[in-house]
Amino acid sequence: MKLKLDRSLKTPLYLQIRDQIGQLILSQQLSPGYRLPPERKLAAQLGVNRTTIVNAYHELAADGLIQSHVGRGSMVCIHPTMNQDRIPIQPVSWQNYYSSQAERMHNPVLASILDEISEEDQISFALGAPAGEYYPLKELNEICKAMMHAGNWQAFAYGPTIGHLPLREYLADWLRLRGIKTQAQNILITSGSQQGLDLLTKIFLEPGDFIVMEEPSFLGAIGVFKTAGAHILTIPLDEEGIRTDILEQILSRRRPKFIYTLPTFQNPTGTTMSLARRHELLKLAYQFHVPIIEDDPYSELYYEQGPFPSLKSLDEHEHVIYLGTFSKMLLPGLRLGWCVAPTTVLEQLSLAKQHVDLHTSTTTQWIMTDFCNQGMLDQHLSLVRNQYKRQRDIMADTLTEFSPPGLSWVLPSGGYYLWCELPPGINATSLLRKAAEKKVSFVPGNAFHIHSGGKNLIRLCFCHHTEATIREGIYRLCTAISELLNQPSQGRPAHRHHYRETLV
Ligand SMILES: Cc1ncc(COP(=O)(O)O)c(C=O)c1O
């Protein structure tokens with residue numbers, strides 16, 4: 001590849017290099033796959049600075065003519081096609097147009113959990129979803145039929161961004177019964193609580209802001225906060241929830257925008273914050289002027305004593321923003337959640353939501369309003385509390401029956417998940433591969449960590465499948481663990497099969 005630079009021209013050197021290499025590619029003198037000389041080498045050859053070559057290659061990549069990979073150098077891409085006017089049409093290299101925010105979007109775990117649903121024969125303990133068998137389809141069918149019959153066209157029209165008033169009124173009453181002093185005008189209906197998290201992030205976070213969250217924590221929240229470019233300060237959990245002693249040290253040094261917490265039946269650990277810890281957390285929030293985002297999808301699913309008072313219900317000074325959802329207690333497909341916030345925050349959130357989707361589906365809000373007003377939500381909760389408790393116990397009993405020594409888990413007193421520690425030497429990612437051969441899956445613990453932890457932990461959801469399938473899936477999983485343990489160079493057999501008691 002021969003290039004000639006003319007230093008007497010006004011055209012900068014990097015553009016001369018770009019144009020000459022570009023010409024060689026467009027005239028097909030350089031074929032696809034041709035490896036361009038390393039930047040340093042070409043710089044020496046042409047007697048220019050290395051940055052000149054870096055800039056030239058960058059331009060060529062932006063034009064879609066070359067692709068650069070760290071460690072592999074830069075290669076000529078496919079030849080551009082010519083159109084009728086013999087103008088070369090280059091493929092658009094879309095990545096070069098992405099915003100820095102798009103480049104921070106990276107959550108392959110969540111995407112693969114959702115993709116897996118359609119795979120036949122697969123027993124997924126990964127997906128945190130309610131069992132389809134319990135969806136109240138008959139009742140929903142009656143509601144939809146009645147709605148159509150009555151000619152309620154408004155249920156299919158645009159609606160207010162803040163949400164359908166009768167649904168917000170129902171929720172205000174329902175939350176007041178749970179100690180949360182609120183009213184309809186402080187409730188925003190969201191498209192699932194995932195949207196609530198996204199909207200809160202949009203209105204509060206700039207890249208570089210600090211936030212605090214528990215580690216491990218909900219991977220959907222980690223993804224949103226990382227995409228926003230937040231610096232995440234992590235606080236470990238113990239049996240009583242977030243370690244407020246460590247939080248206090250952090251808050252005395254940093255000023256996070258908010259603390260994100262899951263106090264009840266935490267995802268993924270199942271931990272429930274003690275009452276004393278809830279009060280300590282609120283005290284710290286008041287002392288250091290840090291708002292709290294309380295994410296509470298699971299608190300109605302208690303299998304021993306309950307319900308636990310939410311942080312929001314204990315908050316005397318409007319420091320807590322509260323997220324709720326129908327996804328876990330009823331069904332996720334209607335995509336209905338809500339956010340309770342002080343008036344000014346709610347107005348800002350509504351503005352943000354307007355730009356995202358105008359409002360949550362009117363139709364699903366109308367359906368849910370009728371469902372709730374006919375008393376069916378509370379009926380449904382009684383049903384699923386019984387069923388999920390049985391499923392939790394079946395999963396734990398089957399693990400006791402089949403698990404190889406060294407596996408331990410936490411039996412949660414509510415929620416969706418068993419959080420298991422693998423026998424020493426077994427890595428969750430290797431196990432996932434082995435388990436895939438047996439058509440069973442889970443989420444490896446590292447997905448819930450911001451730092452490098454969780455490699456020997458896995459999360460199993462016991463709500464999504466009914467009893468026989470849970471037994472089959474756990475049998476497959478335990479077989480996969482045993483096979484890994486029996487492989488030479490894999491885990492050291494442990495001598496004790498221990499069982500950690502319920503965390504409350
Ligand atoms: C803690 C937590 N927050 C939010 C969500 C998102 O739920 P939704 O379906 O309401 O968007 C989940 C779902 O797994 C969750 O576990």
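Read the numbers this way: they start at 1 and go in the same order the structure lists the ligands and their atoms. Not measured: the values here are computed from a predicted model.
Neither side chain, Y170 nor D370, offers a donor N or O lying under 3.5 Å from an acceptor on the other. In the model, E240 has a side-chain atom that pairs as donor or acceptor with a side-chain atom of S274 under 3.5 Å. A donor-acceptor contact closer than 3.5 angstrom links the side chains of E214 and T261. Side-chain contact of S452 with N446: a donor-acceptor pair under 3.5 Å is absent, judged by distance alone.
The distance from atom CE of M376 to atom CD of E139, rounded to the nearest 0.5 Å, is 5.5 Å.
Taking the ring axis of Y302 as reference, the NZ or CZ atom of R385 stays within 45° of it and closer than 6.0 Å to the ring centre.
In terms of protein heavy-atom proximity, atom 9 (O) of ligand 1 is closest to S327 OG, 2.7 Å. Of all protein heavy atoms, the one closest to atom 12 (C) of ligand 1 is F218 CZ, 3.3 Å. Protein heavy atom nearest atom 1 (C) of ligand 1, with residue, atom name and distance: L262 CD2, 3.1 Å.
Residue-environment remark: CZ (F402) exceeds the threshold of 12 foreign heavy atoms within 6.0 Å.
Residue Y298 approaches ligand 1 through these ligand atoms, each under 4.0 Å from one of its heavy atoms: 14 (O), 15 (C), 16 (O).
Residue contacts with ligand 1: G220 is excluded, as none of its non-hydrogen atoms falls under 4.0 Å. Ligand 1 does not have Q195 within reach: every non-hydrogen atom of the residue lies 4.0 Å or more from it.
For ligand 1, the polar-atom distance check finds no N/O of Y260 at less than 3.5 Å from any of the ligand's N/O atoms. The shortest N or O to N or O distance between Y417 and ligand 1 is not below 3.5 Å. The shortest N or O to N or O distance between K328 and ligand 1 is under 3.5 Å. At a 3.5 angstrom cut-off on N or O pairs, Q194 counts as close to ligand 1.
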